[in-house]
Amino acid sequence: MSLARFLLKRGLQGVFVVWGVVTVVFLLRFITPGDPISVIAPLDASPATRQAIAAELGLNRPLYVQYLDYLVGLLQGDMGYSYISNTSASARVFARLPATLELAVAATLVAVVLSIPLGVLSATNRNEPVDYGATTFSLVGISTPNFWLGIMLVLLFAVEFGVFKTSGRGITSARALSALATGNLDVFVSWLTYITLPAITLGTYFTALITRLTRSGMLDELGSAYVRATRAKGLPETLVRYRHALRNTLIPVVTVLGLQLGTLIGGAVITEAVFAWPGLGTLVINSITGRDWVVLQGSLIVIGVGFVLINLVVDALYAYLDPRVVSD
Amino acid sequence: MLSPRSLRNLKRELSRSALAKTGIALVVLVVGVAALAPLVAPHDPTAQNLDDAQLPPLGFSETENSTTTEVVDGEVQIVNETTTINATAEHPLGTDSLGRDMLSRVVYGARTSLLVGVLGTFIAGGIGVTVGLVAGYYRGRVDDALMRSADVMLAFPSLVLAIALVGLWGRAAYRIPDPFVLLGITPDMPASFVLPGTVVVVVGLVNWVWFARVARGEALSIREQEYVKAARAVGASDARIIARHVLPNALTPILVLGTIQIAAIVLLESALSFLGFSGTTLSWGFDIAQGRDYLASAWWISTIPGVAIVLAVIGINLVGDWLRDALDPDIEGEGGGV
């Protein structure tokens with residue numbers, strides 16, 4: 001099987017998952033107490049008014065008609081109209097998406113840049129202080145709730161030292177990067193003061209997790225027969241470690257990262273809540289407390305689709321690292 | 001369930017691993033505190049006393065500088081006053097903004113965390129193991145259908161789905177009478193304990209996929225074993241084979257995963273109560289949230305419950321590591337964190 005066919009197969013599975021996500025999200029509304037009409041209708045609305053609202057919203061049609069209608073709308077990029085926020089749901093959701101992506105990317109960068117060197121260092125210096133330090137860090141890191149970590153960072157850096165911003169987003173990363181390119185350092189630094197604490201808050205769990213995986217993977221690989229063989233043929237230790245052992249270590253790391261993607265998105269939701277970051281997470285929470293059904297459904301679908309898409313990227317990365325997965 | 005050889009491995013691993021001993025000590029501490037909460041807690045965790053609000057923990061007496069103006073001999077003078085708020089032994093971990101004892105709240109919070117963690121894991125395990133065993137045993141279309149639905153579940157981050165479900169289903173909570181109070185041993189403590197029922201069900205519902213994946217993998221290999229073929233040959237029903245032969249032989253990795261899942265669900269519960277999606281106010285996450293408004297004046301309200309969460313979760317994770325290293329099952333992914 002070629003790489004293209006492998007990715008096509010995974011893509012089709014992804015389409016199926018997206019359809020499942022949409023169906024679950026659609027049905028969620030019907031397994032939930034409280035009807036959408038009473039959220040919009042005045043408290044003293046007469047049955048006739050309520051029926052008129054139901055007709056207006058199309059809620060008096062059979063379930064399967066509503067379902068098909070919803071599917072067709074989604075295919076056209078229409079997630080429905082929110083009578084609570086008086087906008088189309090897709091407008092609200094897509095306005096919030098960039099902020100969440102920015103936070104997730106920043107956190108992933110923090111995690112990958114810190115964890116893989118730390119894990120390698122820890123494995124190649126086994127039972128030395130740096131190894132104990134890294135192991136302790138990763139144990140504490142995977143055991144710490146990130147919202148609490150965020151609050152502690154706020155306490156330390158904002159309340160005590162007053163260095164970083166603790167709420168909001170400032171400017172977009174695109175504008176920050178163009179400011180950096182044009183040498184406008186002040187603007188870039190001001191952007192950094194906003195994103196640093198949220199990125200560390202969200203990234204710490206993953207830094208800890210990947211450090212742990214990289215360490216144990218490297219230890220396994222460095223003790224394996226093929227590594228001894230490459231050493232025996234006189235390959236420099238640097239090449240043995242980075243060209244051979246690390247590459248094979250990254251395979252399970254990438255697998256787990258793909259599986260843990262949901263944790264990243266879930267973590268983003270709560271990190272956003274801590275730092276009032278205007279992303280999808282705060283939107284999800286607000287739409288639940290405000291009973292804004294349509295926006296909640298739209299957010300969940302975008303999150304699900306995002307999960308499937310990123311997993312495709314992970315699959316491609318996986319196939320690159322371990323060509324064997326393509327062949328079976 | 002565990003073979004003598006497994007038990008020997010567990011003992012050997014325990015005797016040589018300081019981390020395993022630490023983990024067990026932490027878990028015993030948290031379980032003990034949770035079970036004996038009314039005996040351990042010095043005060044009623046819900047009793048307010050505004051005169052004693054925001055007392056710092058022992059060793060952290062706070063000094064506050066304030067300036068007031070006073071009129072002396074017709075002239076306005078600025079007077080600097082330094083007041084010291086002394087920590088008291090009566091509240092070793094201080095008090096919150098309503099004067100409730102932090103130590104008692106942390107002790108009772110352990111109950112909520114552990115109960116939700118353990119019950120939620122049983123629900124997730126019950127659903128996940130059943131789905132996984134059936135999928136792996138029957139393979140084919142049954143497997144495809146079940147595991148594709150597991151993929152759909154996986155596309156919803158468990159925290160997001162949990163927030164949505166608790167937010168929409170409401171926050172049902174059940175009052176469980178406290179045996180120590182019922183028997184009159186600790187009459188001053190709360191007569192009942194609040195179990196956030198919706199949260200228990202929801203954290204179970206959003207975490208079953210991990211169990212399904214592991215159980216399916218086990219079932220796929222166990223179904224090819226000779227003893228399963230033999231059972232089938234003598235005419236045992238599928239249900240009987242799954243329950244009597246496949247399940248018992250799949251238990252080791254499920255046990256390891258279950259331990260790690262308790263840690264993950266404790267974190268999930270704390271996140272839910274932090275966001276206000278819980279049915280109880282006696283929870284570590286809830287206290288962290290209410291302490292946020294007092295970060296500048298009373299840092300300990302948010303800090304202390306978080307330390308409790310970290311210690312409990314480290315303990316459970318270390319026990320999980322111990323079980324995994326000693327029993328050596330093959331698990332990937334480990335389940336979600338928060």
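Throughout, a chain's letter reflects where its sequence line sits, starting with A, and its residues are numbered from 1. These values consider heavy atoms only, across backbone and side chains, with no hydrogens, waters or symmetry-generated copies.
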Checklist entry - Please walk me through it: do A:M152 and B:I288 pass side chain to side chain contact (heavy atoms under 4.5 Å, CB included)? => result CA-CA 10 Å; A:M152 291 299 106; B:I288 293 176; over 6 Å; no

Item to check | Separation between CG of B:L154 and CG of A:N311, rounded to the nearest 0.5 Å | outcome: 7.5 Å

Next on the checklist: Within this structure, what is the CG-CG distance for the pair B:L267 and A:N146, rounded to the nearest 0.5 Å?
Outcome noted: 9.0 Å

Item to check | Sub-4.5 Å side-chain heavy-atom contact between B:L168 and A:W293 | outcome: yes

Checklist outcome for this item: dist A:T166:OG1 -> B:R292:CZ (nearest 0.5 Å) comes out at 9.0 Å

Next on the checklist: Looking at chain B, which one of A:V308, A:L296, A:I285 has the largest number of heavy-atom pairs inside 4.5 Å, strictly under?
Outcome noted: A:I285

Checklist outcome for this item: Turns out that what part of A:V274 lies under 4.5 Å from chain B's heavy atoms comes down to both

Item to check | Nearest heavy-atom neighbours spanning B:V310 and A:P145 | outcome: CG2-CD, 4.0 Å

Checklist entry - Listed by chain and number, what are the salt bridge (Lys or Arg N to Asp or Glu O under 4.0 Å) partners of B:R16, not counting sequence neighbours? => result B:E13

Checklist entry - With B:D144, which residues qualify under side chain to side chain donor-acceptor pair (under 3.5 Å), at least two apart? => result none

Item to check | Closest approach of A:R212 to B:D321 (non-hydrogen atoms, all atoms of both residues) | outcome: NH2-OD1, 2.6 Å

Next on the checklist: Need one label for B:L275: side chain, backbone, both or neither, based on atoms under 4.5 Å from any heavy atom in chain A.
Outcome noted: side chain

Item to check | Spatial distance of atom CZ (A:F147) from atom OG (B:S302) [nearest 0.5 Å] | outcome: 9.5 Å

Checklist entry - OG/A:S143 to CG/B:L318 distance, rounded to the nearest 0.5 angstrom? => result 7.0 Å

Next on the checklist: Quick check for you: to the nearest 0.5 Å, what is the distance between B:I163 atom CD1 and A:I270 atom CD1?
Outcome noted: 6.5 Å

Checklist entry - Do A:I265 and B:F156 come close enough that some side-chain heavy atom pair is under 4.5 Å? => result no

Checklist entry - Is it the side chain or the backbone of B:A164 that comes within 4.5 Å of chain A heavy atoms, both, or neither? => result both

Next on the checklist: Ignoring hydrogens, what is the shortest heavy-atom contact between A:G266 and B:P157? Give both atom names and the distance.
Outcome noted: N-CB, 3.7 Å

Next on the checklist: So which atom in A:L300 and which in B:V160 form the shortest heavy-atom distance, rounded to 0.1 Å?
Outcome noted: CD2-CG1, 3.4 Å

Checklist outcome for this item: Bottom line for B:V307: the part with an atom under 4.5 Å from chain A's heavy atoms is both

Checklist entry - Side chains of A:I142 and B:I314: closer than 4.5 Å at any heavy-atom pair? => result no

Checklist entry - A:I151 versus chain B, heavy atoms under 4.5 Å apart: side chain, backbone, both or neither? => result both

Checklist entry - Counting heavy-atom pairs under 4.5 Å to chain B, which of A:V269, A:L155, A:V24 comes out on top? => result A:L155

Next on the checklist: Are there residues of residues 131-141 of chain A whose heavy atoms fall under 4.5 Å of chain B's heavy atoms? If so, which?
Outcome noted: A:L139, A:V140

Item to check | Which portion of B:L311 sits near chain A, non-hydrogen atoms under 4.5 angstrom | outcome: neither

Item to check | Atom of B:G167, atom of A:I288 and distance for their closest heavy-atom approach | outcome: CA-CG2, 3.5 Å

Next on the checklist: Which atoms of A:V21 are under 4.5 Å from chain B, going by heavy atoms: the side chain, the backbone, both sets, or neither?
Outcome noted: both

Checklist entry - Could you go step by step and tell me if A:W148 and B:S270 meet the side chain to side chain contact (heavy atoms under 4.5 Å, CB included) rule? => result CA-CA 10 Å; A:W148 181 71; B:S270 72; over 6 Å; no

Checklist entry - Got a sec, which pairs hit salt bridge (charged side-chain N to carboxylate O under 4.0 Å, His left out) with one end in residues 150-167 of chain B, sequence neighbours left out? => result B:R148-B:D151

